[in-house]
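First the structure, in the form of structure tokens, and then the observations on it.
Residue numbering restarts at 1 for every chain, and letters A, B, ... go by the order of the sequence lines. Since the model is a prediction, treat every value here as computed from it, not as a measurement.
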Amino acid sequence: MTTTPDPQDIPSRFDFETAQDKIYDAWQSGGWFHAEPDSKKKPYTIVIPPPNVTGALHLGHALNNTLQDVVIRMKRMQGFNALWMPGTDHAGIATQARVEKRIKDLEGKSRHDLGRAELVNRIWQWKEQYEERILGQLKKMGCSCDWERTRFTLDDTCARAVRKTFFDLFQKSLIYRGKRLVNWDTHLGTTVSDDEVENKSINGHFWHFMYPVIDPKPGEPHHVTVATTRPETMLGDTAVAVHPDPAAALSKVESELKAKLKKAADSEHAAINDQIEALANRRKEMLSDLELLRDMANDGRMLKLPLADREIPLVTDVWAKPELGSGCVKITPAHDPNDYEVGKRAGLPMINIMNADGTLNAETGSYVGLYMKQARTKVVDDLEALGLLKEVEDRAIEMPMSDRSGTPIEPYLTDQWFVKMDQLAQSAMDVVESGEVKITPERYIKGYLSWLGEKRDWPISRQLWWGHQIPVWSKACPAQADADKLIADIKALKSFDENLASIQTEASSETDSEKRAQLGLPDFTLHVCVEDASEALEKELESLGLVREEDVLDTWFSSALWPFSTLGWPEKTKELDYFYPTSALITSRDIITLWVARMVIMGLNNLGQVPFNSVFIHPKILDGNGETMSKSKGNGIDPLDVIDKFGADALRFGMASLTTETQDVRMPVQFECPVESCQAAIPQTVKNRVLPVVECPKCKNKFRTQWAESEDDLKLPRGPVISERFEVARNFMNKLWNASRFAMLNLEGYEAAPIKEPDLTVEDRWILSRLYTVSQNVTEALEGYRYAEATRTLYNFAWDNFCSFFVEILKDRLADPDRRAHAQRILVFALDQLLRMLHPVTPFVTEAIWEQLNRFAAERGLEKVSTASECLIGASWAELDSKWANTEIETQFARFQSVLGSLREIRSRQNLPPKKAIKFLIRCDEDYAASIEPMGGYFNSMAAAELVSMGANVEAPEINALIAQDGIEIFVDLEGLIDVDAEVKRLEKEKKKLEGNITGKEKKLSNEKFVGSAPAEIVQRERDSLEQLKEQLVKVNAALEKFAKA
RNA sequence: GGGCGAUUAGCUCAGUUGGCUAGAGCAUCUCGUUUACACCGAGAGGGUCGGGGGUUCGAGCCCCUCAUCGCCCA
């Protein structure tokens, strides 16, 4: 049964709550998101930056995904075979830490209580739940991802890619195991990467200790003084260092200070001079002592390490700074990154004093079992008791903290797996330098290149259970012969295949064979990497006593493969062949190095082709105080709250319009009072954003925030966190909806027919010309990722051109039976084009209007009529023939707009009621009159003003209001209406302004230098403009004189 | 310490290769319920373009410098 559609049924507001889900389902069931390789079409591919499965999406994700969807939708409409590949990231450490904490909180169990298999099982459950929530959020936002292809970085397809890549790099010896000082999170019991460490400044102390010198010679000191912020690490000291040439070092510092002084501002001089003076004193007082210590070091003097009761050498190294402290520094190679370097240079032993859980190990004697912090107190006490504590200073110290657990990081010497970066990094630098991979905005190239340029090896092992387990089986070999035998045994295994297993021999890092023997260290460790899940071989290796590596890979290892692992690599799938390399990557700046660079590396290594040709880095969203948004601060906005209040289109439009090339966008945040009748927006402050309950200052009712915990608080309604910055976009959606509604209400009797060019009026040609220009601008802007420009162009066109002028003018024509049919056709066509252009940014409302338009005018077109596509998502992109571009018409129309503006201004300043009909005349030349003539009637409908006459010789009415502009005069007949005071006031103001401008221009033009050097065109422009201003002034003066006489 | 960026109306932001009187939205004020829209319409007021110096006929834009803020790296 079909009912006749009645446009009166269309509500005056877009009911986005119900429409969004319906429309989204229709897109999905229509298969519009799915892309299959098709040689007849060009591919356009984007892979989503996979959100972590740790929690819910925030506004940053909303921004990121909006930008991707806008591009994907435009490309789809442009006829590309557009694929947006979705998925999520297992986010190893973040997720495991989160689930572990939850289990600890709820069940009081640690991961060790559960065991590896059970913990991993629990995390999978968590993942299922959160992944669904995240994908649900993306769908609510309207993201047109190909959900049939959804991947997860830990699924079988990705696992296969990881294994293949690992094997390949292992075989090329680009993966190796080695002892390294890593950032150890004692709470989580794992390494964290540098990027997961945040340095925090805290108040600490600087302890000065004295270490006794063994057998000092006459004249030599009996103690050396060292200072440290970490006293407990002294148990692992293996040397004390002094600078090899303290005099030269001091001189160098001094000359640097002097250079700084020259450049510095006056206000800094005093401070720098103080430093120079202090340095000179130091030279006087300490240099000879330091040189003596240096000589002692060179002479091989040993020190007694207190408490540990070991002998350690005094050595020379440039790390010791003669300008600081005592000039001597204790060296703890296994627990400090700088000392580690010294240790390597000086060939010092490296003594690890810590267990993985952050307690001290057996190396520390009586301190064993104490946590670092406990040991600190005890070490200080014990040294004091021995009389070796010289001094304690208060001092701000930099403390490395783990992002993941929030606990202090311990530098820790362990066996870790690394990717050798030199060649790989270079390849990734080359493709950006050559422009094969284009980064927008360009300023981010610098950071990318300098980070890769360091070519630091990438530590890829993590002591976690949630992740890709490293596919290496290892066994220690006490001596060379054992290793040789083991290799022979492995090669003789039934399942052994050189293509599937690769063997590496790791020589012990302890190069002294005697020491190795002493410590019971093996000469070699044999590592076998097994390519695919060849269980038979794995079993056989294990039967030979090889044990699989427990560690898993850094999350970024699997993320780095994302652009091709999602397409099925290493299988040679038709998807990989067709969609790779992808077209664009849209992401935020904090992961340029962690992710973007590594994808380029892996793409080049695995496929010999870059993973994408274009990278767009978008801004970050900050709150009104310029702080990053986060749930932990309470200033985070849930995209779903914005969608609930303003609609998904408003969220998207708002996001896109914020995307300029600057780094950050500020978004003031408000609580919204949940009381239906109130809905007050309460600005968020640093104070109220952490309260569990907030009282609405307007209606005095209370509501709860994300912090509410008590039972009473939880009973209150929730006050969502939103931002009024989406209001503009919401209002725009409403405007668009209602303009379209107006069109539907006026389509009765519509009959499709081609539009004949001679029938086109000035405003028709104008809107076509505007449509052409706007579609060009929008296309160019979006292709260059200039989202804010695109949305601004669309907003201005839709509101100011289409609604305020075109539709307004059409009202007149639609009411005239003779002109109605043509007006309907051109209105339908213009709306059709506008919807196409807006669809990528605001897909829901445009799709809803499209559906309506199809009910009333399915057949439409400009010169050729055809049936519109059923869904806007599948319609073609708006591209008018360039023949419609018409600057003359645009100028002509601008004149009309300008006259209309003047009439409205006079109305307003004369306080004339809008309905009060007025008459006006234009004094102008014939040309001007001819160009205004076709639109003369519209002044009636748009300003209730009748154009009485036009031309060079029109007589000004006896009593009038005047506006002189563009070389013409507009006189409004005000017989019996005029407010003389208002008119005089306004004319005088005008006069003053004109005089000011004229003086300025005359001055400029009398400047010979200007006339002589500026381009002739500019000078002429100034002359013309001066001429016109003078003419206007004459007219204004005449009008004033007339009022003076009257 | 090094790098990147920002500073334009009360607020949030535009401003192209240097060139007419520096724009928009919100907020404010005045007027208006006109048959699509009050999430609306018409109009108005509001700016030493962070400070200082320089280049230029001409600087919001280019150069130097200072200040404040943000981010990244050490």
Look at all strands and tell whether [X] reaches a base, only sugar-phosphate, or nothing, counting heavy atoms closer than 4.0 Å.
{"X": "A/E808", "result": "base"}
{"X": "A/K811", "result": "base"}
{"X": "A/T660", "result": "sugar-phosphate"}

Work out how far the [atom1] atom of [N] is from that of [M], and round it to whole angstrom.
{"N": "B/A59", "M": "B/U48", "atom1": "C1'", "result": "14 Å"}
{"N": "B/A67", "M": "B/G53", "atom1": "C1'", "result": "15 Å"}
{"N": "B/G47", "M": "B/C11", "atom1": "P", "result": "13 Å"}

Under the side-chain contact (heavy atoms from CB on, under 4.5 Å) test, residues paired with [X] that sit two or more places apart:
{"X": "A/A681", "answer": "A/Q670, A/E724"}
{"X": "A/D800", "answer": "A/N796"}
{"X": "A/R895", "answer": "A/Y928, A/S931, A/I932"}
{"X": "A/S902", "answer": "A/I963, A/Q965, A/I970"}

Contacting residues from residues 724-736 of chain A, given that a heavy atom lies under 4.0 angstrom of RNA chain B: A/R725, A/V728, A/R730, A/N731, A/N734, A/K735
Anything under 3.5 Å between a protein N or O and an N or O of nucleotides 42-48 of chain B, put it in a table, one pair a line.
from, atom 1, to, atom 2, distance (Å)
B/G43, O2', A/S908, OG, 3.0
B/G45, OP1, A/K989, NZ, 2.6

Show me the dot-bracket string of RNA chain B, counting Watson-Crick or G-U pairs under 3.5 Å, with | for pairs to another strand and [ ] for crossing ones. (((((((..((((.....[...)))).(((((.......))))).....(((((..]....)))))))))))).
Go through the structure and list residues passing salt bridge (Lys or Arg N to Asp or Glu O under 4.0 Å) with [X], not counting sequence neighbours.
{"X": "A/D981", "answer": "none"}
{"X": "A/K645", "answer": "A/E672"}
{"X": "A/R792", "answer": "none"}

Does anything in residues 646-659 of chain A pair up under salt bridge (charged side-chain N to carboxylate O under 4.0 Å, His left out), and if so which pairs, sequence neighbours excluded? A/D69-A/R652
Those residues at least two apart in sequence (or on a different chain) that pass side chain to side chain donor-acceptor pair (under 3.5 Å) with A/D1024 are A/Q1020
Considering only side-chain heavy atoms of A/R792, which listed nucleotide, B/C31, B/A14, B/A36, is closest? B/A14
Side chain of A/R666 only, please: which of B/C13, B/C40, B/A74 is the nearest? B/C13
I want to confirm an ordering. Mapping A/R13 and A/N738 to their closest nucleotides on RNA chain B, which one lands closer to the 5' end? A/N738
Taking the nucleotide of RNA chain B with the closest heavy atom to each, which residue, A/A739 or A/L622, is nearer the 5' end? A/A739
A/K446 side chain N/O closer than 4.0 Å to the phosphate oxygens (OP1, OP2) of B/C4? yes
Could you check whether any side-chain N or O of A/S723 sits under 3.5 Å from a backbone N or O of A/V669, counting only pairs where one atom can act as donor and the other as acceptor? no
When you look at A/E789 and A/N777, which way does the side chain to side chain contact (heavy atoms under 4.5 Å, CB included) test go after all the steps? CA-CA 9 Å; A/E789 189 183 319; A/N777 291 348; 5.6 Å; no
